[in-house]
2 protein chains.
Amino acid sequence: MSSVLGSAPAGEGGAVVSRTMEAAAEIRSRISHGELKPGDRVPEAKLAESLGVSRNTLREAFRSLNQEGLITQVPNRGAYVAIPNINTIIDIYRVRRLIECQAVADALPRHPAFTDMRSAVEAALEQRDLDDWAGVAGSNIRFHRAIFELADSPRLNRLYVQLTTELRLAFGLIDDPEYLHAPFLERNLEILELIEAGETAKASELLREYLFLAERILLAGYERLSTT
Amino acid sequence: MSSVLGSAPAGEGGAVVSRTMEAAAEIRSRISHGELKPGDRVPEAKLAESLGVSRNTLREAFRSLNQEGLITQVPNRGAYVAIPNINTIIDIYRVRRLIECQAVADALPRHPAFTDMRSAVEAALEQRDLDDWAGVAGSNIRFHRAIFELADSPRLNRLYVQLTTELRLAFGLIDDPEYLHAPFLERNLEILELIEAGETAKASELLREYLFLAERILLAGYERLSTT
DNA sequence: GCAAGTCAGATTGCTCAACAATCTTAGGCA
DNA sequence: TGCCTAAGATTGTTGAGCAATCTGACTTGC
């Protein structure tokens with residue numbers, strides 16, 4: 001047995017977590033860290049052993065991950081790390097434009113999410129100066145998560161988590177955070193300041209162009225992938 | 001053993017369905033038919049026996065249902081049919097206003113979804129004349145599903161399925177389809193005709209008022225529930 | 001050489017039985 | 001009444017096992 005999951009005897013400050021949830025979290029982390037790449041098979045027996053859980057427990061974790069869109073399950077053939085294709089990208093950006101632009105346009109003045117937006121923008125600029133592009137990617141995602149939060153809707157926030165989960169897979173396929181994120185740092189700041197100044201209509205329009213451009217850049221990266 | 005699930009030896013035209021999926025479908029159906037009501041406990045052992053599946057299989061089904069928002073799982077205490085509370089209602093309508101109004105405003109001319117919208121509207125009017133209010137409820141949901149389809153986004157459609165799943169629970173608590181749906185039949189027709197006439201801005205505005213009213217009616221019904 | 005058929009090995013889908021951990025509840029006691 | 005305890009019930013997790021299905025290599029016949 002080569003368990004990776006901790007097995008503290010419970011009784012800590014944090015919430016109660018089952019082994020199933022731990023397993024799911026560990027797989028999520030392996031995917032987002034690139035140990036598991038899109039298209040990889042995820043065999044039950046091997047993974048169960050490497051995580052130190054039983055097959056049954058792992059299968060429960062798979063059900064969760066499947067519905068999060070992280071893995072794809074084919075009956076009798078097993079689970080694969082999901083491969084975001086071009087249609088996925090197009091759909092995700094369609095949804096983002098619809099929700100983010102509206103959220104910005106309707107943003108209430110002095111909304112608590114402003115704080116998160118500003119800290120994400122500033123962190124991203126610092127990280128760029130340090131050439132920490134992975135950090136920039138994370139900060140950029142935090143910025144847009146804050147935009148979603150402007151809508152004050154738990155359900156939309158949950159949707160956003162799913163969208164970024166899938167987007168991260170796509171970013172991972174391109175694997176060039178500078179190419180993907182550099183063009184947007186200044187714009188993030190610009191959008192934030194427009195919102196704070198109450199010019200939500202302008203901010204929303206700027207964000208719309210921004211998201212179209214981001215989609216184009218990502219799709220162009222995909223194009224290059226498939227032709228090489 | 002008193003299995004309810006069919007166990008055909010496989011090999012039919014339809015998609016491959018696992019026992020887990022069958023179990024989940026059966027539970028979904030029991031909830032939407034009112035056999036299981038919000039707040040009901042759903043004990044693993046009993047339900048597994050009544051469905052004719054093992055506890056492990058049922059637990060996998062629970063994972064799916066949990067993420068669909070149909071049941072709530074509390075660690076070490078089991079699963080309950082979800083109880084939509086007032087915050088749930090408010091959030092769902094917030095999301096619906098944001099997405100449906102935008103989808104209508106951006107609707108492409110002669111979109112295929114128009115057909116569904118019209119057939120749903122007409123079905124609802126006929127059902128009203130037959131006093132088939134359960135039918136009206138279903139047609140009304142079909143109408144709004146078609147509105148979501150105007151956005152041409154698989155992810156938004158999936159979101160809509162989740163929202164209506166939860167809404168159905170709320171409607172079930174009120175249990176007065178005429179009260180809930182009668183005020184909207186004429187408006188549905190009006191909105192449809194505005195869209196078809198290309199007056200999407202007007203249609204969107206009308207829909208927004210509509211959704212605010214629907215929310216108010218549902219919340220008022222809730223109010224009466226808790227005070228009686 | 002190539003298409004079709006066959007068969008063993010691997011993997012998944014599902015079940016069962018068992019046990020530890022946790023929650024609930026009913027009694028007992030101060 | 002209010003707290004404590006012990007028994008009972010339910011969940012969390014495991015491991016073994018078997019049938020169904022898929023995969024890939026091998027054989028066969030053209």
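Atom CZ in Phe62(A) sits roughly 13 Å away from atom C1' in dG13(C) (whole-Å rounding). Here dG13(C) presents its P atom at 8 Å from CD of Glu60(B), a figure rounded to the nearest Å. Counting to the nearest Å, the C1' atom of dC14(C) and the CG atom of Leu51(B) are 14 Å from each other. The separation between Leu58(A) atom CG and dG12(D) atom P is 17 Å, rounded to whole Å. Distance CD (Glu22(B)) to P (dC14(C)): 8 Å, rounded to an integer number of Å. The CG-P distance, from Leu47(B) to dT10(D), rounds to 13 Å in whole Å. Rounded to a whole Å, the CZ atom of Arg55(B) is 11 Å from the C1' atom of dA18(C). To the nearest angstrom, C1' of dT10(D) lies 11 Å from CZ of Arg59(B).
Residue-to-nucleotide contacts include no donor-acceptor pair under 3.5 Å from the side chain of Arg77(A) to the base of dG13(C).
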| said: Determine whether Tyr210(A) and Asn188(A) satisfy the following criterion, side chain to side chain donor-acceptor pair (under 3.5 Å), listing intermediate values before the conclusion. | reply: CA-CA 9 Å; Tyr210(A) 170 130; Asn188(A) 283 348; 2.9 Å; yes
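No donor-acceptor distance shorter than 3.5 angstrom exists from the side chain of His181(A) to the backbone of Pro177(A), with no hydrogens or angles considered. Judged by distance alone, the side chain of Asp91(B) and the main-chain N or O of Arg155(A) form a donor-acceptor pair under 3.5 Å.
The side chain of Thr20(A) places an N or O atom within less than 4.0 Å of a non-bridging phosphate oxygen (OP1 or OP2) of dT13(D). In terms of phosphate contacts, Arg41(A) brings a side-chain nitrogen or oxygen within less than 4.0 Å of OP1 or OP2 of dT12(C). Contact annotation: Thr57(A) side-chain N/O to dG12(D) OP1/OP2 distance is not under 4.0 Å.
Considering only side-chain atoms of Arg19(B), the nucleotide from dT15(C), dT11(D), dG13(C) that sits closest is dT15(C). Checked against dG13(C), dG12(D), dT14(D), the side chain of Ser18(A) finds its nearest nucleotide in dG12(D). The side chain of Asn56(A) lies closest to dT15(C), out of dT15(C), dT12(C), dT22(C).
Taken from CD1 in Ile31(B) to CD in Glu26(B), the straight-line distance is 10.5 Å, to the nearest 0.5 Å.
Nearest-nucleotide mapping onto DNA chain D: of Glu44(B) and Tyr80(A), the residue sitting toward the 5' end is Glu44(B). Heavy-atom nearest nucleotides on DNA chain D were determined for Gly78(B) and for Pro75(A), and the one closer to the 5' end corresponds to Gly78(B).
The six-membered or imidazole ring of Phe184(B) lies away from that of His144(B), with a centre-to-centre distance of 6.0 Å or more.
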